[in-house]
Amino acid sequence: MHSQDKRRTYRTASGIELKASYGPEDVPAGHRALVGTYPGEAPYHRGCFPQGYRTKPWRIFQLSGFGKPEDENERIKFLLRNGETGFLMEHDRNTADHLYNVDHPEVVARKEDVGLTGAVMQSVRETALCLDGIAIESTYGHAGGGVVQHGPFALAAYWTIAKRRGIPLERLSGTGQSDFFLTYLGCVTKQQVPTSAGLRLNADIIEFCGGHMPKWVPVSIAGYNGGDTGLNAWQELGAVMANAIAYLDEVKRRGRMDMTQAAQRVGGVNFRTTMEIFEDAAKLRAARKMWHRLLTERYGVTDERALRMRIHIVTSGAYMQYQQPFNNIVRGTLMALTAVLGGTQSLGVSGYDEAISIPSEHAHQMSVRIQQVLEHETNLPAVADPLGGSYYVEFLTAELERRGWEFVEQILGQGGFLATLDSGWLHARARENQHAQALAETRGDIKIVGVNCFQDDVTPWEVDGFPPVTDAYPVALERLRAVKRERHEAGATEAMRNLAAVCRDPSRNIMPAMLQALDAEVTLGEIGEIYRQAWGDWQTPELV
């Protein structure tokens with residue numbers, strides 16, 4: 001047995017070969033010089049603030065949404081009552097991802113699925129229902145809009161509700177998404193705008209927030225979605241940095257916004273954590289170090305606030321299994337622990353029923369409780385960067401950074417982040433890893449408890465899963481008809497005409513016109529048609 005152990009080669013999930021133990025000689029000289037720095041000191045690999053969680057606990061920030069807006073409203077309030085410290089809205093992906101109303105033929109053909117992946121919100125009326133009774137002026141919110149083309153609609157709807165309540169936009173604190181990784185890489189949609197138009201939309205959001213909303217993070221680069229699609233740890237790092245370069249280069253090209261301010265706006269990023277505890281904790285340390293280097297060397301940024309990357313973590317849904325689903329509570333806890341050890345500023349834990357359904361109320365509550373146990377029962381907040389100085393962790397931090405920069409250079413060599421999406425190059429990298437992972441699991445080289453070892457015949461029926469959503473579609477259809485019947489049609493027509501003109505004029509920012517459109521009760525599908533007429537559809541790369 002011992003001789004077999006000696007012959008075995010151990011590697012991290014991203015393929016880094018591991019020794020049996022580590023010493024000072026394993027930490028590269030360039031990184032070794034930084035080991036003596038303290039949390040709160042540049043380049044911030046040890047954390048952004050000297051006191052860590054002593055002065056500011058991580059935000060408990062769970063994704064929530066299904067069915068009707070009232071259903072999502074009820075779940076958000078449930079989570080807030082149970083200790084969530086920020087809320088994250090989810091829109092129905094059948095409609096939101098494509099910018100379709102529920103009467104679109106593609107949605108009608110799958111009407112039974114409407115509401116399964118988020119609440120249906122086709123107009124500002126439905127967003128108002130979702131936010132009813134929630135104090136958005138004092139609660140950190142995520143407006144949804146997980147994909148690029150949906151971002152302006154989701155943000156404008158949220159902000160319109162604030163304006164109708166008399167809340168100045170500058171008082172709102174929260175986050176937008178507008179992510180390229182989700183629908184251009186992971187879950188490619190039937191119709192979405194070309195990547196160049198998506199870049200224009202996100203740059204417009206960044207500039208609008210820079211001028212009007214000092215507390216709002218305009219976009220969040222979703223490394224999580226890249227990771228759960230198949231990118232490994234250092235590829236996730238490199239792709240996130242390359243996406244940031246695309247944004248910052250575009251803002252710089254426009255010349256209308258200070259680069260320090262732009263960098264601060266783009267510096268809210270999300271990553272995933274998996275069961276690879278030390279590698280993923282090191283990944284977050286490497287991310288902050290890479291961000292500092294990127295801003296100082298490429299853009300000449302010196303402001304400390306901009307140089308401190310802000311990280312949100314979602315524990316990997318791909319690592320949740322439908323077999324023996326209660327094992328996922330353990331997995332969620334360990335992945336959450338990894339995020340805290342890596343110094344995340346906010347955290348969402350995947351529900352234990354992730355592989356079976358959208359989170360049940362109990363699964364959502366457990367995701368909050370996991371974080372509360374870590375915060376209040378473990379003494380984790382006592383010490384910032386408790387892994388700092390570990391030869392193993394410092395080696396991994398340096399190695400992930402090195403490989404991450406190599407991946408950035410590969411992406412730039414392909415023509416940049418958007419070009420790797422247009423060509424399918426990034427998809428191929430993710431697919432290679434997916435294939436290798438599947439083979440390793442099939443061979444048993446990777447052990448997954450309850451899946452390819454320690455199996456039984458009881459699961460997945462240990463949990464009930466989420467009850468079926470049955471009324472989301474008919475209610476949404478009637479509400480769509482009511483909006484078009486009751487709104488001031490001349491105002492809506494004028495707002496659509498103005499939005500179409502702005503889309504055709506790249507010198508104008510889309511957000512004022514989008515706010516006008518939402519206030520005039522222009523619907524999601526109507527905005528989608530304006531986009532499609534202005535920019536056409538993205539040409540999905542051929543993947544072989």
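When a residue number appears, it is its place in the shown sequence, counting from 1.
- Thr183 is not listed as a side-chain neighbour of Val188, based on a closest heavy-atom distance of 4.5 Å or more.
- At most 12 heavy atoms of other shown residues, nucleotides or ligands fall within 6.0 angstrom of atom OH in Tyr391.
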Could you walk me through whether His142 and Met89 pass the side-chain contact (heavy atoms from CB on, under 4.5 Å) check?
CA-CA 6 Å; His142 188 303; Met89 299 167 64; 5.9 Å; no

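- Side-chain contact, Gln437 with Glu441: a donor N or O sits under 3.5 Å from an acceptor N or O.
- Although no hydrogens or angles enter the test, the distance criterion places no donor-acceptor pair under 3.5 Å between the side chain of Gln62 and the main chain of His364.
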Audit row: Gln192, Val147, side-chain contact (heavy atoms from CB on, under 4.5 Å) steps and yes/no:
CA-CA 9 Å; Gln192 59 185 324; Val147 304; 5.7 Å; no

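- If you take CG on Asp445 and CZ on Arg8, they are separated by 8.5 Å, rounding to the nearest 0.5 Å.
- What you find for Arg46 and Ala384 is that their closest heavy atoms are NH2-O, 4.1 Å.
- Tested against Tyr473, the residues Val102, Asp113, Asn94 include a single side chain to side chain contact (heavy atoms under 4.5 Å, CB included) partner, Val102.
- The side-chain heavy atoms of Trp538 and Val193, taken from C-beta on, include no pair separated by under 4.5 Å.
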Go through it in stages, so that I can follow the logic: the residues are Trp58 and Glu375, the test is side chain to side chain donor-acceptor pair (under 3.5 Å), and I'd like the CA-CA distance, side-chain angles, deciding distance and then a yes or no.
CA-CA 9 Å; Trp58 65 87; Glu375 180 181 350; 5.1 Å; no

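- A cation-pi geometry, defined here as NZ or CZ lying under 6.0 Å from the six-membered ring centre and within 45° of its normal, does not hold between Arg403 and Phe407.
- Partners of Arg310 under the side-chain hydrogen bond (donor to acceptor under 3.5 Å, both in side chains) rule, at least two apart in sequence or in another chain, do not exist in this structure.
- Residues Leu412 and Phe417 are not in side-chain contact: their nearest non-hydrogen atoms beyond the backbone lie 4.5 Å or more apart.
- Distance check, rounded to the nearest 0.5 Å: CD of Glu236 to OG1 of Thr274 gives 9.0 Å.
- Using a 4.0 Å cut-off between charged side-chain N and carboxylate O, Arg429 and Glu432 make a salt bridge.
- In terms of modelled atom types and a separation under 3.5 Å, the side chain of Glu276 and the main chain of Ala13 share a donor-acceptor contact.
- The residues Asp249 and Arg298 are annotated as salt-bridged, a charged nitrogen and a carboxylate oxygen being separated by less than 4.0 angstrom.
- Side chains of Glu90 and Ser64: no donor on one and acceptor on the other come within 3.5 Å.
- Asp92 has its side chain within reach of Thr117: a pair of non-hydrogen atoms, C-beta onward, lies under 4.5 Å apart.
- Note that OG of Ser14 is 8.5 Å distant from CD of Glu399, once rounded to the nearest 0.5 Å.
- Proximity of a side-chain donor or acceptor of Tyr22 to a complementary backbone N or O of Lys19 within less than 3.5 Å is detected.
- Scanning all heavy atoms of the two residues, the minimum distance from Asp353 to Ser360 falls at OD2-N, 3.0 Å.
- Using a 4.5 Å heavy-atom threshold, the side chains of Phe49 and Pro39 count as separate.
- One finds the CD1 atom of Ile60 at 9.5 Å from the CG atom of Leu374 (value rounded to the nearest 0.5 Å).
- Gln149 contributes a side-chain N or O that, together with a main-chain N or O of Gln191, makes up a donor-acceptor pair within less than 3.5 Å.
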Could you go through the side chain to side chain donor-acceptor pair (under 3.5 Å) check for Thr37 and Tyr44 one step at a time?
CA-CA 9 Å; Thr37 59; Tyr44 307 113; over 6 Å; no

Check against side chain to side chain donor-acceptor pair (under 3.5 Å), Arg369 and Gln372:
CA-CA 5 Å; Arg369 292 289 181 260; Gln372 291 165 332; 2.7 Å; yes

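- For the pair Lys56 and Tyr53, the cation-pi criterion (under 6.0 Å, within 45° of the ring axis) is not fulfilled.
- Atom NZ of Lys111 has 12 or fewer neighbouring heavy atoms from other residues, nucleotides or ligands inside a 6.0 Å radius.
- Between Asn327 and the choices Arg331, Gln324, Gln323, the side-chain hydrogen bond (donor to acceptor under 3.5 Å, both in side chains) rule is met once, by Gln324.
- What you find for Val314 and Tyr224 is that their closest heavy atoms are O-CD1, 3.2 Å.
- Put simply, the side chain of Gln177 never gets that close to the backbone of Pro218: no donor and acceptor are under 3.5 Å apart.
- Here Arg272 pairs with Asp228, Ser316 under the side-chain hydrogen bond (donor to acceptor under 3.5 Å, both in side chains) rule; sequence neighbours left out.
- Remark: Arg59 qualifies as a cation-pi partner of Tyr140 under the 6.0 Å distance and 45° angle criteria applied to the six-membered ring.
- When the ring pair (Phe, Tyr, Trp, His ring centres under 6.0 Å) test is applied to Phe180, the partners found at least two apart in sequence or on another chain are Tyr184.
- Side-chain atoms of Asn433 do not come within 3.5 Å of backbone N or O of Ala430 as any donor-acceptor pair.
- Separating the CG atom in Asp179 from the OG atom in Ser220 is a distance of 7.5 Å, to the nearest 0.5 Å.
- Judged by distance alone, the side chain of Asp280 and the main-chain N or O of Thr338 form no donor-acceptor pair under 3.5 Å.
- A distance below 6.0 Å separates the ring centres of His312 and Phe61.
- Atom CD of Glu25 has more than 12 neighbouring heavy atoms from other residues, nucleotides or ligands inside a 6.0 Å radius.
- Relative ring orientation between Phe326 and Tyr352 is described as tilted, the plane-to-plane angle lying within the 30° to 60° band.
- Checked by atom type and distance alone, the side chain of Arg308 never pairs as donor or acceptor with a backbone atom of Gly267 at under 3.5 Å.
- Ion pairing of Glu394 with Arg285 is present here, as a side-chain N (NZ or NE/NH1/NH2) and a carboxylate O approach within less than 4.0 Å.
- A donor-acceptor pair is defined here as one N or O able to donate and one able to accept, closer than 3.5 Å; no such pair exists between the side chain of His98 and the backbone of Val107.
- Residue Leu284 holds its CG atom at 10.5 Å from CG of Leu387, rounded to the nearest 0.5 Å.
- Counting heavy atoms from C-beta outward, Leu185 and Asn225 have side chains that stay 4.5 Å or more apart.
- For the residue pair Ser178 and Gly151, the shortest heavy atom distance occurs at OG-CA, 3.3 Å.
- Using a 4.5 Å heavy-atom threshold, the side chains of Met309 and Cys48 count as separate.
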Does Lys289 form a side-chain contact (heavy atoms from CB on, under 4.5 Å) with Leu34? I'd like the steps, not just the answer.
CA-CA 10 Å; Lys289 190 165 177 249; Leu34 298 172; 3.1 Å; yes

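- Annotation: Glu74, atom CD; neighbour count of heavy atoms from other residues, nucleotides and ligands within 6.0 Å does not exceed 12.
- Judged by a 6.0 Å distance limit and a 45° cone about the ring axis, Arg402 is not positioned over the six-membered ring of Trp405.
- Residues Val217 and Arg265 are not in side-chain contact: their nearest non-hydrogen atoms beyond the backbone lie 4.5 Å or more apart.
- With 3.5 Å as the limit, one finds a donor-acceptor pair spanning the side chains of Asp422 and Thr195.
- Here the side chain of Thr420 pairs no donor or acceptor atom with the backbone of Ile411 at under 3.5 angstrom.
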